[in-house]
> 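To start, I am sharing the structure in question, which I have written as structure tokens.
Please read all numbers here as calculations on a predicted model, not as lab measurements. As the structure lists them, so they are numbered: ligands from 1, and atoms in each ligand from 1.
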Amino acid sequence: MTADLFESVPDVRPSREAIAEGAVLLRGFAGPFEVELIADIGGIVEQAPFRHMVTPGGHQMSVAMTNCGSAGWVTDRAGYRYDGVDPESRKPWPSMRPSLHALAAQAAAEAGFAGFSPDACLINRYQPGARMSLHQDKDERDFGAPIVSVSLGLPAIFLFGGLQRSDKPRRFRLEHGDVVVWGGPARLAFHGVAPLADGDHAVLGRQRINLTFRKAR
Ligand code: MD3
Ligand code: FE
């Protein structure tokens, strides 16, 4: 009965696509979590506002960031690292909401990584023009755990390269509700985000929010 109701509405069921060994794209997977997710992000941002951090090289990032969970990713002139405390408020980061943890764990399980229990959730805000240059995520202790990313708001062109910076990246358009699980051989792939095109998203307006769930410690 439920299946029939879904089938009468095109394109609303999550799909599952292997985009590389260890990388699984779950289009629309965050759909059922949308309302709670956006409310949770609002509460986190009240306690720990978005801010533009500075790289060790002294460049201010175009992406604004905040965190929730027991470990938050930070960067400043001293380097990239995880810290339990928000350097702006000197208070612990807001806790990881159960609905956020559940979304990440369920997506990981769907991609073959049962038992994923993230302690860090980095929340990235892209306004038009913001971008993230090619990099690897290697500030975490255990590369055996996957990373789960959730895209909300305006669509972005995601660049997915290989294990060498010089490998030509493939491009994927990530839209509101899409979830990607990056594990196994994809865990250390170079990746980035092309400059965000302007637009007006029905729910989030002129921005893209990306959540990345990680096991940092
Ligand atoms: C592929 N964020 O915060 S999420 C980051 O859309 C970051 O905000 C991007 O890269 C964003 O570090 C991309 C997708 C992602 C995250 C981690 C990965 C892709 C990945 C790790 C390995 C390979
Ligand atoms: Fe990254």
Side-chain angles (χ1 to χ4, degrees), residues 17-27 29-30 37 41 50-53 55-56 61-69 71-75 79-83 93 100 103-104 107-108 111 113 116 118-165 167-197 201 204 207-216:
E17 185 189 345
I19 61 177
E21 212 185 315
V24 180
L25 171 53
L26 305 166
R27 290 221 183 261
F29 191 87
L37 207 51
I41 294 167
F50 284 116
R51 78 292 306 265
H52 293 272
M53 296 193 243
T55 65
M61 298 184 78
S62 60
V63 178
M65 299 177 164
T66 186
N67 290 278
C68 72
W73 186 84
V74 295
T75 176
Y80 304 127
R81 63 193 174 279
Y82 284 91
D83 197 319
W93 295 104
L100 270 64
L103 165 58
F113 299 92
F116 179 55
D119 56 7
C121 174
L122 172 64
I123 307 176
N124 292 329
R125 184 195 65 196
Y126 295 74
Q127 290 174 321
R131 60 191 287 273
M132 195 174 283
S133 53
L134 276 188
H135 66 279
Q136 293 171 294
D137 289 16
K138 49 181 189 186
D139 302 319
E140 300 75 27
R141 194 163 290 164
D142 175 12
F143 300 142
I147 293 179
V148 174
S149 75
V150 178
S151 292
L152 296 171
L154 288 176
I157 301 298
F158 177 74
L159 309 170
F160 180 56
L163 294 177
Q164 315 264 87
R165 185 180 290 281
D167 294 338
K168 185 181 161 76
R170 294 154 64 202
R171 300 160 76 88
F172 294 90
R173 185 178 149 102
L174 295 181
E175 295 184 24
H176 184 73
D178 290 349
V179 176
V180 194
V181 181
W182 314 90
R187 176 63 182 76
L188 287 171
F190 278 89
H191 59 278
V193 178
L196 192 77
H201 187 266
L204 288 177
Q207 60 180 339
R208 167 178 189 254
I209 305 261
N210 178 269
L211 310 177
T212 52
F213 295 90
R214 303 186 176 93
K215 179 132 191 62

> Ring centroid separation for Trp182 and Phe172, is it under 6.0 angstrom?
no
> Kindly compute the distance separating CG (Asn67) from OH (Tyr82), expressed to the nearest 0.5 Å.
8.0 Å
> If you count the atoms of ligand 1 from 1 in the order shown, which ones are under 4.0 Å from a heavy atom of Ala189?
22 (C), 23 (C)
> To the nearest 10 degrees, calculate the angle at the Fe ion (ligand 2) involving NE2 of His135 and NE2 of His191.
90°
> With a 3.5 Å distance limit and no angle check, can you tell me whether Thr66 reaches the backbone of Ile123 through a side-chain donor-acceptor pair?
no
> Relative to the Fe ion (ligand 2), which of the N, O or S atoms in Asp137 is the closest?
OD1
> Any side-chain heavy atom of Trp93 within less than 4.5 Å of one from Cys68?
no
> Do any N or O atoms from the side chain of Arg125 and from the backbone of Gln207 form a donor-acceptor pair under 3.5 angstrom?
no
> Which residue owns the protein heavy atom closest to atom 23 (C) of ligand 1, what's the atom, and how far is it?
Ala186 O, 3.3 Å
> For ligand 1, does Met132 get within less than 4.0 Å through its side chain, its backbone, both, or neither, judged by non-hydrogen atoms?
side chain
> Could you grab the distance from atom CG of Asp178 to atom CZ of Phe158, nearest 0.5 Å is fine?
12.0 Å
> For Tyr80 and Pro56, work out which heavy atoms get closest and say how close.
CE2-CD, 3.5 Å
> Is Phe158 near ligand 1, meaning one of its heavy atoms is under 4.0 Å from it?
yes
> Between the candidates Ser149, Ala23, Ala130, which shows the shortest non-hydrogen contact distance to atom 14 (C) of ligand 1?
Ser149
> Taking both backbone and side-chain atoms of Trp182, is any N or O found less than 3.5 Å from an N or O belonging to ligand 1?
no
> Tell me whether Tyr126 reaches ligand 1 (any heavy atom closer than 4.0 angstrom to a ligand atom).
yes
> Quick one: pull up CG in Leu154 and CD1 in Ile209 and give me the separation to the nearest 0.5 Å.
10.0 Å
> Consider ligand 1: state whether an atom of it lies below 4.0 angstrom from any non-hydrogen atom of Met65.
no
> Of all the non-hydrogen atoms in the protein, which one sits nearest to atom 3 (O) of ligand 1, and at what distance?
Asn124 ND2, 3.0 Å
> Applying a strict 4.0 Å limit to heavy atoms, is Asp137 in contact with ligand 1?
yes
> So which bit of Arg131 gets within less than 4.0 Å of ligand 1, heavy atoms only: side chain, backbone, both or neither?
neither
> With respect to Arg214, determine whether any N or O atom, backbone or side chain, lies less than 3.5 Å from an N or O atom of ligand 1.
yes
> Among Arg187, Arg214, Lys215, find the one that has a salt bridge (charged side-chain N to carboxylate O under 4.0 Å, His left out) with Asp137.
Arg214
> Can you measure from NE2 (His191) to CG (Leu159) and round to the nearest 0.5 angstrom?
10.0 Å
> With atoms numbered from 1 as shown, which atoms in ligand 1 lie under 4.0 angstrom from a non-hydrogen atom of Leu122?
3 (O)
> Among protein heavy atoms, which lies nearest atom 22 (C) of ligand 1, and at what distance?
Arg187 O, 3.2 Å
> List in chain and number order the residues that pass side-chain contact (heavy atoms from CB on, under 4.5 Å) with Asp167, two or more places apart in sequence or in another chain; answer none if no residue qualifies.
Gln164
> If you count the atoms of ligand 1 from 1 in the order shown, which ones are under 4.0 Å from a heavy atom of Val193?
6 (O), 9 (C), 11 (C)
> Nearest 0.5 Å, what's the CD-CZ distance between Gln127 and Arg208?
13.5 Å
> Just jot down the ligand 1 atoms closer than 4.0 angstrom to any heavy atom of Arg208, in number order.
6 (O), 8 (O), 11 (C)
> Give me the nearest non-hydrogen protein atom to atom 21 (C) of ligand 1 as residue plus atom name, then the distance to 0.1 Å.
His191 CE1, 3.3 Å
